[in-house]
Protein chains: 2
Amino acid sequence: MDQTASQVEWKKGSAELLILSLVEARPRHGYEISKLIEQRSGGTVRFHVASLYPLLYRLERRGWLCGRWVEKSGQRRRRYYRLTRQGRKVLASQLRGWHEFVVGINRITEAENA
Amino acid sequence: MDQTASQVEWKKGSAELLILSLVEARPRHGYEISKLIEQRSGGTVRFHVASLYPLLYRLERRGWLCGRWVEKSGQRRRRYYRLTRQGRKVLASQLRGWHEFVVGINRITEAENA
DNA sequence: TTCAATATGTTGCCGTGCCATATATGGACC
DNA sequence: GGTCCATATATGGCACGGCAACATATTGAA
């Protein structure tokens with residue numbers, strides 16, 4: 001479960017897809033997203049705050065997410081992000097692209113042992 | 001089959017795995033490797049020379065590949081790379097890591113639609 | 001003789017993730 | 001009261017890998 005050098009590189013670009021996926025069903029805040037990624041991947045995938053928060057702003061700036069501050073007594077303010085209509089299209093496109101990519105890589109790495 | 005922005009990022013780190021996989025069975029030269037990646041992925045995955053050749057030197061410097069010039073009449077000189085014993089171990093490790101990573105990503109992106 | 005395919009190589013840019021550091025609140029434990 | 005951990009957001013500067021653009025050189029086909 002260690003983070004090999006390659007795993008660090010593989011992550012590049014995947015954060016977008018993960019965030020968009022996680023806010024698809026309902027709005028979530030940054031910290032929640034980061035914890036969900038870690039939990040659901042069984043600890044294999046993890047993103048540092050220095051990656052996550054800037055990415056959230058980026059996705060919002062692109063119009064794929066829409067963030068809104070929520071204040072509740074007994075807890076710090078949180079910024080909840082929901083998926084916009086445009087974000088939904090991007091998510092669908094990225095999911096297609098991701099599956100295509102995985103198939104491509106697998107075809108290459110498995111061709112030799114076929 | 002277009003190269004979305006994300007697909008460019010997803011590729012990061014995958015080139016290593018692909019090259020190691022492709023020279024596993026027998027030595028190959030850079031151009032051949034690049035063509036094989038493109039063909040076997042159905043055009044989905046492609047690496048430019050400015051990524052490929054420097055990467056080959058890097059892998060050789062790390063002792064994962066061993067290159068040797070081959071001159072034949074009727075064709076330009078080619079540098080054939082073979083997988084070293086250490087490279088074989090790295091390949092096995094990277095393959096495990098890659099599969100783990102894919103499972104992790106899929107668990108996250110599919111959890112919502114389950 | 002021009003063009004495409006083959007084959008290798010380099011400089012410099014850009015995007016994305018990480019390290020380290022920072023701020024701030026609530027609850028548990030001693 | 002004080003310490004520590006989990007929660008929650010934020011940022012400056014670095015590292016690294018892929019790309020665009022450019023460069024060189026040979027073979028064979030139109």
Side-chain angles (χ1 to χ4, degrees), chain A residues 2-20 27-39 44-62 65 67-81 94 101 105, chain B residues 2-19 27-39 41 44-62 65 67-81 94 101 105:
Chain A
D2 67 303
Q3 298 275 95
T4 57
S6 287
Q7 262 169 334
V8 172
E9 297 303 325
W10 287 334
K11 282 198 273 187
K12 298 203 173 176
S14 66
E16 265 184 27
L17 172 63
L18 297 182
I19 291 177
L20 294 176
R28 297 187 193 275
H29 57 96
Y31 191 78
E32 188 187 3
I33 291 173
S34 113
K35 289 297 159 192
L36 276 173
I37 290 176
E38 194 175 335
Q39 285 163 21
T44 311
V45 190
R46 220 170 290 184
F47 282 95
H48 290 237
V49 291
S51 315
L52 206 64
Y53 290 107
L55 179 51
L56 286 169
Y57 312 148
R58 215 156 64 226
L59 296 183
E60 188 173 14
R61 205 171 54 245
R62 288 185 199 159
L65 294 186
R68 127 179 180 272
W69 285 109
V70 174
E71 312 247 9
K72 262 192 193 163
S73 61
Q75 60 189 20
R76 272 209 62 177
R77 61 175 193 164
R78 292 166 170 169
R79 192 160 175 84
Y80 280 84
Y81 294 91
Q94 290 216 0
F101 178 71
I105 299 294
Chain B
D2 66 306
Q3 297 275 96
T4 59
S6 287
Q7 262 169 334
V8 172
E9 296 303 325
W10 288 334
K11 282 197 272 187
K12 297 202 174 175
S14 66
E16 265 185 28
L17 171 63
L18 296 182
I19 291 176
R28 297 187 192 276
H29 58 96
Y31 190 78
E32 188 186 3
I33 291 173
S34 114
K35 288 297 159 193
L36 276 173
I37 290 176
E38 195 175 334
Q39 284 163 22
S41 72
T44 311
V45 190
R46 220 170 289 184
F47 282 95
H48 289 238
V49 291
S51 316
L52 206 64
Y53 290 108
L55 179 50
L56 286 169
Y57 315 146
R58 216 156 64 227
L59 297 182
E60 188 173 13
R61 207 169 53 243
R62 288 185 198 158
L65 294 185
R68 127 180 179 271
W69 285 110
V70 173
E71 312 246 11
K72 261 192 193 161
S73 62
Q75 60 191 20
R76 272 211 63 176
R77 61 172 194 167
R78 294 165 170 172
R79 192 161 174 83
Y80 280 85
Y81 293 92
Q94 290 216 0
F101 178 72
I105 298 295

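If you're wondering where the values come from, they're calculated on a predicted model, not measured in any experiment. A, B, ... follow the sequence lines: proteins, then strands. Residue 1 opens every chain.
Between B:Tyr57 atom OH and C:dT11 atom C1' the separation is 13 Å, expressed in whole Å. One interatomic measurement links the two molecules: CD of B:Gln75 to P of C:dT6, which rounds to 12 Å at whole-angstrom precision. For the pair B:Leu52 CG and C:dT8 C1', the interatomic distance rounds to 10 Å; values are reported in whole Å. Here the P atom of nucleotide C:dT8 and the CZ atom of B:Arg28 are 13 Å apart, to the nearest Å. Note: OH (A:Tyr53) to P (C:dA20) measures 19 Å, nearest angstrom. Here the P atom of nucleotide C:dC19 and the CZ atom of A:Arg46 are 11 Å apart, to the nearest Å. The CD atom of A:Glu38 sits 11 Å away from the P atom of D:dA6 (whole-angstrom rounding). Distance, A:His48 NE2 to C:dC18 P: 5 Å, rounded to whole Å.
Using a 4.0 Å cut-off between charged side-chain N and carboxylate O, A:Glu38 and A:Arg46 make a salt bridge. Between B:Glu32 and B:Lys35 there is no salt bridge, since no side-chain nitrogen of the basic residue lies less than 4.0 Å from a carboxylate oxygen of the acidic one.
A:Ser51 contributes no side-chain N or O that, together with a main-chain N or O of A:Phe47, makes up a donor-acceptor pair within less than 3.5 Å. At least one donor-acceptor pair closer than 3.5 Å links the side chain of A:Glu60 to the backbone N or O of A:Gly67.
Across all strands shown, A:Trp69 has heavy atoms under 4.0 Å from sugar-phosphate atoms exclusively, and none from any base.
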**Request:** Let me have DNA chain C in dot-bracket notation, would you? Count Watson-Crick plus G-U wobble pairs, both distances under 3.5 Å, and use [ ] for pairs crossing earlier ones and | for inter-strand partners.
**Result:** ||||||||||||||||||||||||||||||
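For the pair A:Gly30 and B:Ser14, nearest-nucleotide mapping onto DNA chain D gives the more 5' position to A:Gly30. Across the interface with DNA chain C, nearest-nucleotide mapping of A:Glu16 and A:Val49 shows A:Glu16 to be the residue nearer the 5′ end.
A sub-4.0 Å separation between OP1 or OP2 of D:dC19 and a side-chain N or O of B:Ser51 is present. Under 4.0 angstrom from either OP1 or OP2 of D:dT24 there lies no side-chain N or O belonging to B:Arg76. Between B:Tyr31 and C:dT6, a side-chain N or O to OP1/OP2 separation shorter than 4.0 Å is present. Dashed line: the shortest gap from a side-chain N or O of B:Lys11 to OP1 or OP2 of D:dC19 is under 4.0 Å. The side chain of A:Arg58 contributes an N or O atom lying less than 4.0 Å from OP1 or OP2 of C:dG17.
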**Request:** Would you please test A:Lys11 and B:Glu9 for salt bridge (charged side-chain N to carboxylate O under 4.0 Å, His left out) and show each step?
**Result:** CA-CA 9 Å; A:Lys11 282 198 273 187; B:Glu9 296 303 325; over 6 Å; no
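For A:Arg58, the CZ atom counts as densely surrounded, since its 6.0 Å shell holds more than 12 non-hydrogen atoms of other residues, nucleotides or ligands.
Taking the side chain of A:Arg77 as heavy atoms from C-beta on, and the options D:dA10, C:dC18, D:dA20, the nearest nucleotide is D:dA10. Relative to the side chain of A:Glu9, the nucleotides D:dG18, C:dG15, D:dG17 differ in distance, and D:dG17 lies closest.
Taking the six-membered ring for Trp and thresholds of 30 and 60 degrees, A:His29 and A:Tyr80 have ring planes more than 60 degrees apart, a perpendicular arrangement.
The nearest pair of heavy atoms linking A:Leu56 to A:Gly30 is CD1-CA, 3.7 Å.
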